[in-house]
> 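Below you'll find the structure I mean.
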Amino acid sequence: VMAELKASVQALGRGNIGSALTLGIHSIGTSMSAVGNRLKSFGTGLSTFGRGVMTYGSKMMAFAGMGLAGVTYVTKRFIDLGDALNKMSARTGATVEWLSAMSFGAERSGATIEMLEQAIRKLNKAIAEAQQGNRTPYEVFSKLRIDPTSMEFKSMDAGAQFELVARRLNEVQSQAEKTRLAMALFEEGGVMLLPLLGDIDKLKQKAKELGIIMTKEQADTAAALLDSWTNVKYQLNAIFMSLGEAIAPALKQVATWLSK
């Protein structure tokens with residue numbers, strides 16, 4: 001594709017605008033073909049992701065009537081959600097599936113997915129400090145009967161570690177002590193997350209029943225589709241800049257003539 005764009009620019013340099021347009025359009029066609037392949041993969045992912053939504057038949061029929069606008073909206077939502085979960089998974093160490101379920105749980109319990117991510121990252125920091133010998137976080141984990149230096153704990157991903165901490169916090173009888181421990185591990189956001197921490201299993205099960213858990217494969221498809229669209233956008237910008245540069249002298253002459 002980039003070779004064709006280069007040839008298009010060279011054609012413009014020779015003054016052959018027709019050839020430049022042909023080469024430029026062909027390069028865009030190649031890129032759009034790649035986007036088409038991504039959309040086919042997106043369709044498969046969307047079919048799986050939407051099983052829960054399909055239970056609302058009348059709503060889906062109404063949505064189908066939206067035509068292109070509806071498809072565009074669904075595609076954008078799919079891309080935004082998949083790309084966000086992929087990036088969040090990379091930042092936190094939790095799986096896409098777990099984060100997908102927990103984002104639903106966070107909203108149901110009055111928190112946000114941003115609060116959840118911050119809590120996971122703060123917990124990861126507390127775990128790392130405890131493993132490095134910092135007594136303050138280590139003592140907090142000890143009160144929850146968790147050894148952050150054990151091989152069993154280290155083998156867990158971030159989501160599993162978060163859930164273990166949540167379950168042990170729920171076993172604390174004193175609400176004041178529970179709040180204090182939550183703040184020690186999650187800082188200020190710990191209090192907001194207490195309702196979520198108490199209902200993790202129920203909320204995960206509900207998300208599963210609704211069929212709204214996005215898989216890693218679906219998130220990868222969304223991220224790849226976003227990359228393809230971004231490539232097309234920048235290739236179009238390159239062609240427009242080249243065409244503008246080629247016709248600018250002629251337009252300048254016309255403008256000069258009209259101004260006389």
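Residues take their numbers from the sequence shown, with the count starting at 1.
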> Clusters formed by hydrophobic residues whose side-chain heavy atoms approach within less than 4.5 Å: which one holds Met192, and what are its other members?
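Met115, listed by chain and number.
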> For Met241, which residues count as a side chain to side chain contact (heavy atoms under 4.5 Å, CB included) partner, sequence neighbours excluded?
none
> Which residues pass the salt bridge (charged side-chain N to carboxylate O under 4.0 Å, His left out) test with Asp147, sequence neighbours left out?
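Once residues adjacent in sequence are excluded, Asp147 has no partner under the salt bridge (charged side-chain N to carboxylate O under 4.0 Å, His left out) criterion.
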> For Ala160, which residues count as a side chain to side chain contact (heavy atoms under 4.5 Å, CB included) partner, sequence neighbours excluded?
Met156, Asp157
> Quick one: salt bridge (charged side-chain N to carboxylate O under 4.0 Å, His left out) partners of Glu107, sequence neighbours excluded?
none
> With a 3.5 Å cut-off and sequence neighbours excluded, list the donor-acceptor pairs that the side chains of residues 78-93 form with protein atoms.
unit_1	atom_1	unit_2	atom_2	d
Asp80	OD2	Lys76	NZ	2.7
Asp83	OD1	Lys87	NZ	2.7
Asp83	OD2	Lys87	NZ	2.7
Asn86	OD1	Lys216	NZ	2.9
Asn86	ND2	Ala219	O	3.3
Asn86	ND2	Asp220	OD1	3.1
Ser89	OG	Ala94	O	2.6
Arg91	NE	Glu117	OE2	2.5
Arg91	NH2	Glu117	OE1	3.2
Arg91	NH2	Glu117	OE2	3.2
Thr92	OG1	Met88	O	2.9
Thr92	OG1	Ala94	N	3.2

> side-chain hydrogen bond (donor to acceptor under 3.5 Å, both in side chains) with Arg108: which residues, sequence neighbours excluded?
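For Arg108 there are no side-chain hydrogen bond (donor to acceptor under 3.5 Å, both in side chains) partners, ignoring immediate neighbours.
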> List in chain and number order the residues that pass salt bridge (charged side-chain N to carboxylate O under 4.0 Å, His left out) with Glu171, two or more places apart in sequence or in another chain; answer none if no residue qualifies.
Arg145
> What residue pairs, at least two apart or across chains, pass salt bridge (charged side-chain N to carboxylate O under 4.0 Å, His left out) with a residue in residues 175-185?
Glu177-Arg180
> Quick one: side-chain hydrogen bond (donor to acceptor under 3.5 Å, both in side chains) pairs with a partner in residues 125-136, sequence neighbours left out?
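Counting only pairs at least two positions apart or across chains, no side-chain hydrogen bond (donor to acceptor under 3.5 Å, both in side chains) contact touches residues 125-136.
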> Strictly by ring pair (Phe, Tyr, Trp, His ring centres under 6.0 Å), give each pair with a member in residues 125-153 just once, sequence neighbours left out.
none
> List in chain and number order the residues that pass side-chain hydrogen bond (donor to acceptor under 3.5 Å, both in side chains) with Glu163, two or more places apart in sequence or in another chain; answer none if no residue qualifies.
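Trp98, Arg167, Lys204.
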